[in-house]
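Notes follow the structure.
Just so we're clear, the structure is a prediction, and the values are computed from it rather than from any experiment. Heavy-atom basis, side chains included; hydrogens, waters and symmetry copies ignored.
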Amino acid sequence: MKTDWQPLIAELAAYRAAGLTLPIWWRDDDATRSGPRLRKLGRMSRRTGVPVHIAVVPARLEPSLVRFCARRPYAVPLVHGYAHENRAPKGQKKSEFGQPHPDNAERAREGLTILRNSFGERLVPIFVPPWNRVAPETVQALPALGFTGLSTFTPRSQRLAAPGLVQINTHLDPIDWRNGGGLIAPETLIAQTVRQLQDRRQGRADPAEPFGLLTHHIVHDRAIWRFAENFLKHMLDGGALPCDLSRERETLP
């Protein structure tokens, strides 16, 4: 069945008519090593011209991923927690840093150290908590550990999550996690995007926050790959401007 992109095309036209700029960025989670799927991700980034910000799991990092990023300037590493292990109490939603564990700050620090030693200046010190959940106490500790940014999911309520810590979230996840994976119905994803752009255009959300696509290359099927690439292309055709946070690390948007 052919996807109807017209609602998104129309909203992007309204966005341009309002004189608004639409920055977009792309974050891909759970990376540990290179392989066919990550290389496919890289090719998609190159075709679309949108840099892919790769959230790397520090404790599970393999040398092949370091080599992958070193050879591809459009692959930007970020810090994805520490070990991507669920430490939430039984019966609660999964998280690694969502609870105020006494060692949260030390684990975050160690994750940053591992990736700085591996990627050097290529690393952008943005903390991406696994499952997009992080305890408030941990958020407040991140700047002193060396982090300049925090990225979770859903529109940010304010630019700074803590003094010196810029929040840059993701906004659209095409994977149907609640039903075991696969692609959420494209018309649903398009409607979600249109609503969020309308909120920005009408002053209910921050238009300066880059609109973020969230992917997980490890579990993509053909339909997810196809939707993600078409989504980026339609956004760019509609006037969106790709964001490379490695080039804006001194003044994160």
Next on the checklist: Is there a side-chain hydrogen bond (donor to acceptor under 3.5 Å, both in side chains) between Thr152 and Gln167? Walk through the geometry before answering.
Outcome noted: CA-CA 8 Å; Thr152 59; Gln167 182 122 25; 3.1 Å; yes

Checklist entry - Is there a side-chain contact between Ile175 and His216 (heavy atoms, below 4.5 Å)? => result yes

Next on the checklist: Ring-plane angle category for Phe147 and Phe127, please: parallel below 30°, perpendicular beyond 60°, tilted otherwise.
Outcome noted: perpendicular

Checklist outcome for this item: Rounded to the nearest 0.5 angstrom, the CD1-OH distance for Ile54 and Tyr74 is 9.0 Å

Can you give each donor-acceptor pair under 3.5 Å made by side-chain atoms of residues 33-43, sequence neighbours left out, with the distance rounded to 0.1 Å?
{"unit_1": "Arg37", "atom_1": "NH1", "unit_2": "His217", "atom_2": "O", "d": "3.4"}
{"unit_1": "Arg37", "atom_1": "NH1", "unit_2": "His220", "atom_2": "O", "d": "2.6"}

Checklist entry - With Leu12, which residues qualify under side chain to side chain contact (heavy atoms under 4.5 Å, CB included), at least two apart? => result Leu8, Arg16, Leu22, Leu197, Met235

Checklist outcome for this item: All heavy atoms of Trp25 vs all of Arg27, minimum pair found to be CH2-CD, 3.7 Å

Item to check | From Thr193 atom OG1 to Gln198 atom CD, the distance as rounded to the nearest 0.5 Å | outcome: 11.0 Å

Item to check | Pairing of Asp206 and Arg156 as salt bridge, 4.0 angstrom limit | outcome: yes

Next on the checklist: Any heavy-atom pair between the side chains of Pro155 and Asp199 that's under 4.5 Å?
Outcome noted: no

Checklist entry - What pair of heavy atoms forms the shortest contact from Pro51 to Trp26, and how long is it? => result O-CB, 3.6 Å

Item to check | Sub-4.5 Å side-chain heavy-atom contact between Trp225 and Thr215 | outcome: no

Checklist entry - Are side-chain heavy atoms of Phe231 and Thr3 found at a separation under 4.5 Å? => result no

Checklist entry - Should Val66 and Leu61 be marked as a side-chain contact (heavy atoms from CB on, under 4.5 Å) after you check the CA-CA gap, both sets of side-chain angles, and the distance that decides it? => result CA-CA 8 Å; Val66 179; Leu61 173 64; 4.0 Å; yes

Checklist outcome for this item: Leu123 and Pro77 have their tightest heavy-atom pair at CD1-O, 3.4 Å

Checklist entry - Looking only at heavy atoms, what is the nearest atom pair of Asp173 and Ile184, with distance? => result O-CD1, 3.7 Å

Next on the checklist: Using a 3.5 Å distance criterion without hydrogens, assess whether the side chain of His84 forms a donor-acceptor pair with backbone atoms of Arg60.
Outcome noted: no

Next on the checklist: Rounded at 0.5 Å granularity, tell me how far NE2 in His53 sits from OG in Ser246.
Outcome noted: 6.0 Å

Checklist entry - Is Pro210 close to Leu241 at the side-chain level, that is, under 4.5 Å between some pair of heavy atoms? => result no

Checklist entry - How close do Gly81 and Glu96 get, heavy atom to heavy atom, and via which atoms? => result CA-OE1, 3.9 Å

Next on the checklist: What I want to check is whether the side chains of Thr148 and Glu250 have a donor and an acceptor closer together than 3.5 Å.
Outcome noted: no

Checklist entry - Which value, rounded to the nearest 0.5 Å, describes the distance between Lys94 atom NZ and Arg87 atom CZ? => result 15.5 Å

Next on the checklist: Atom CD of residue position Gln6 - does it have more than 12 heavy atoms of other residues, nucleotides or ligands inside 6.0 Å?
Outcome noted: yes

Checklist entry - Taking C-beta and beyond as the side chain, do Pro130 and Phe97 meet within less than 4.5 Å on heavy atoms? => result yes

Next on the checklist: I'd like to know if Arg107 and Glu110 make a salt bridge, using a cut-off of under 4.0 Å between side-chain N and carboxylate O.
Outcome noted: no

Next on the checklist: Is there a side-chain contact between Asp4 and Ile190 in this structure, where contact means two heavy atoms from C-beta onward sitting under 4.5 Å apart?
Outcome noted: no

Checklist entry - Do Val166 and Leu150 touch side chain to side chain, with heavy atoms closer than 4.5 Å? => result no

Checklist entry - In chain order, what residues pass the salt bridge (Lys or Arg N to Asp or Glu O under 4.0 Å) check against Asp237, with sequence neighbours excluded? => result none

Checklist entry - Which atom names give the shortest non-hydrogen contact between Leu214 and Pro174, and what distance separates them? => result O-CD, 3.2 Å

Next on the checklist: What's the separation between atom NE2 in His171 and atom CZ in Arg195, rounded to the nearest 0.5 Å?
Outcome noted: 14.0 Å

Checklist entry - Where the side chain of Arg249 meets the backbone of Pro125, is there a donor-acceptor pair that is under 3.5 Å apart? => result no

